[in-house]
Engineer: 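Let me give you the structure first, and then I'll get to my questions.
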Amino acid sequence: MRIATWNINSVRARAHLLAELDAAAAPDVVCLQETKVADEKFPHAAVEALYPYRHVRGMKAYNGVAILSKIPFTATGGEDWCGREDARHAIARFKGGLELHNFYVPAGGDIPDPEANDKFAHKLAFLDELAAWLSAESSPRARRVLVGDLNIAPLEADVWSHKQLLNVVSHTPVEVDALTKVQSAHDWVDAVRHFAPDEPLYSWWSYRAKDWRASDRGRRLDHVWVTPALKGKLRSFEILKDARDWPKASDHVPVIVDIDV
DNA sequence: ATGGTTGCCGTGCAA
């Protein structure tokens, strides 16, 4: 099974890029974040030929996740977090017991201080709640995959400058600690770092750079994690960096993992 | 130290 995760930054503005993704990598399953569309306005007609099976959880203007698939699955909703109905989680269950979770973690605003910035407080609370939820759901033989825009680049090799980003939201120690607790709550294996432990790798480059490729001030915000039961089934990964130059590109590129299921 | 871009909708807000 080839699974892609991609913050598409509006599925309506960039529905045409799903065909580019299929031509480039032909994923079986695509998990989108920041679809930015209410469910009744989701562009099903534009994607149904490629992905006959879909589970969308969206809202007007902000957030929103979607699971698009060539393989049948059962859609099982997704949780609401921090008492908000803000469409940040969708779940799919595939035949054979594989459970796929698609997350869009709050970005957290600009100021890395939960006292001064409600959005950062929300991000930390979201991660704490997620860690507690996963601990309660823990089962040693579970075959689960967690993907999404986690809006945190936890490792030094996940950012263009560890030193310069230590106080920048997405790489601050307090949120990296919170994400690490989520990860240990389920013994999740970072599928990309399983293959490439130390190599600098990014999945997001700001729109504001004059030449994103030349400056290469990227961050690895988009992740694919698997439970230990699937670790030995990991086959390969790809970060589709070329997607950052597609027409009307998202600021995130797809992260793709192949799993033997 | 500052400003740089994008999508949502039709104004700032969130990223």
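Residue numbering restarts at 1 for every chain, and letters A, B, ... go by the order of the sequence lines.
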Engineer: Name the orientation class of the two ring planes belonging to A:Phe73 and A:Phe94 (parallel below 30°, tilted from 30 to 60°, perpendicular beyond 60°).
Structural biologist: tilted
Engineer: Should A:Trp133 and A:His186 be marked as a ring-ring contact (aromatic ring centres under 6.0 Å, His included) after you check the CA-CA gap, both sets of side-chain angles, and the distance that decides it?
Structural biologist: CA-CA 10 Å; A:Trp133 186 78; A:His186 232 11; 8.2 Å; no
Engineer: Could you check how far NE2 of A:His252 sits from C1' of B:dA15, rounded to whole Å?
Structural biologist: 8 Å
Engineer: Starting at atom CG of A:Asp118, determine the distance to atom P of B:dA14, rounded to an integer number of angstrom.
Structural biologist: 10 Å
Engineer: Establish, from distance only, whether the side-chain atoms of A:Thr227 and A:Arg144 form a donor-acceptor pair under 3.5 Å.
Structural biologist: no
Engineer: For A:Ser203 and A:Asp222, which I'm curious about, is there any donor-acceptor pair between the side chains at under 3.5 Å?
Structural biologist: yes
Engineer: When the C1' atoms of B:dT11 and B:dG7 are considered, how many whole Å apart are they?
Structural biologist: 13 Å
Engineer: From the options A:Asp211, A:Asp216, A:Asp251, select the one residue that forms a side-chain hydrogen bond (donor to acceptor under 3.5 Å, both in side chains) with A:Trp205.
Structural biologist: A:Asp216
Engineer: Determine, for nucleotides 2-8 of chain B in 5'-to-3' order, which nucleotides have protein heavy atoms under 4.0 Å from the base (write B), from only the sugar-phosphate (write S), or from neither (write -).
Structural biologist: --BBSSS
Engineer: In whole Å, what is the span from the NE2 atom of A:His122 to the P atom of B:dA14?
Structural biologist: 13 Å
Engineer: For A:Lys119, which contact category applies under a 4.0 Å heavy-atom criterion: base, sugar-phosphate, or nothing?
Structural biologist: sugar-phosphate
Engineer: Taking B:dG4 as the reference, what is the distance to B:dC8 when you measure between their P atoms (whole Å, please)?
Structural biologist: 22 Å
Engineer: Measure CE/A:Met59 against P/B:dC9 and give the value in whole Å, please.
Structural biologist: 11 Å
Engineer: Between A:Val169 and A:Ile111, what is the shortest heavy-atom contact and its length?
Structural biologist: CG2-C, 4.0 Å
Engineer: Roughly how far, to the nearest 0.5 Å, is the OG1 atom of A:Thr35 from the CG atom of A:Asn63?
Structural biologist: 8.5 Å
Engineer: Give me the distance, rounded to whole Å, that separates B:dC9 from B:dC13 when you measure between the C1' atoms they each carry.
Structural biologist: 11 Å
Engineer: Using whole Å, report how far CD of A:Gln164 lies from P of B:dA1.
Structural biologist: 13 Å
Engineer: Would you mind reading off the distance between A:Leu150 atom CG and B:dA15 atom C1', rounded to a whole angstrom?
Structural biologist: 16 Å
Engineer: Using the C1' atom as the point on both nucleotides, what is the distance between B:dT6 and B:dG10, in whole Å?
Structural biologist: 16 Å
Engineer: Tell me which residues in residues 103-112 of chain A lie within less than 4.0 Å of DNA chain B, going by non-hydrogen atoms.
Structural biologist: A:Tyr104, A:Ala107
Engineer: Measure across A:Val168 and A:Thr172 and return the closest heavy-atom pair with its distance rounded to 0.1 Å.
Structural biologist: O-CG2, 3.4 Å
Engineer: Looking only at atom C1', what distance separates B:dG3 and B:dA15, rounded to whole Å?
Structural biologist: 16 Å
Engineer: Figure out the CH2/C1' separation between A:Trp6 and B:dA15, and round it to whole Å.
Structural biologist: 17 Å
Engineer: Does the A:Arg54 side chain pair with the main chain of A:Ser69, one donor and one acceptor, at a distance under 3.5 Å?
Structural biologist: no
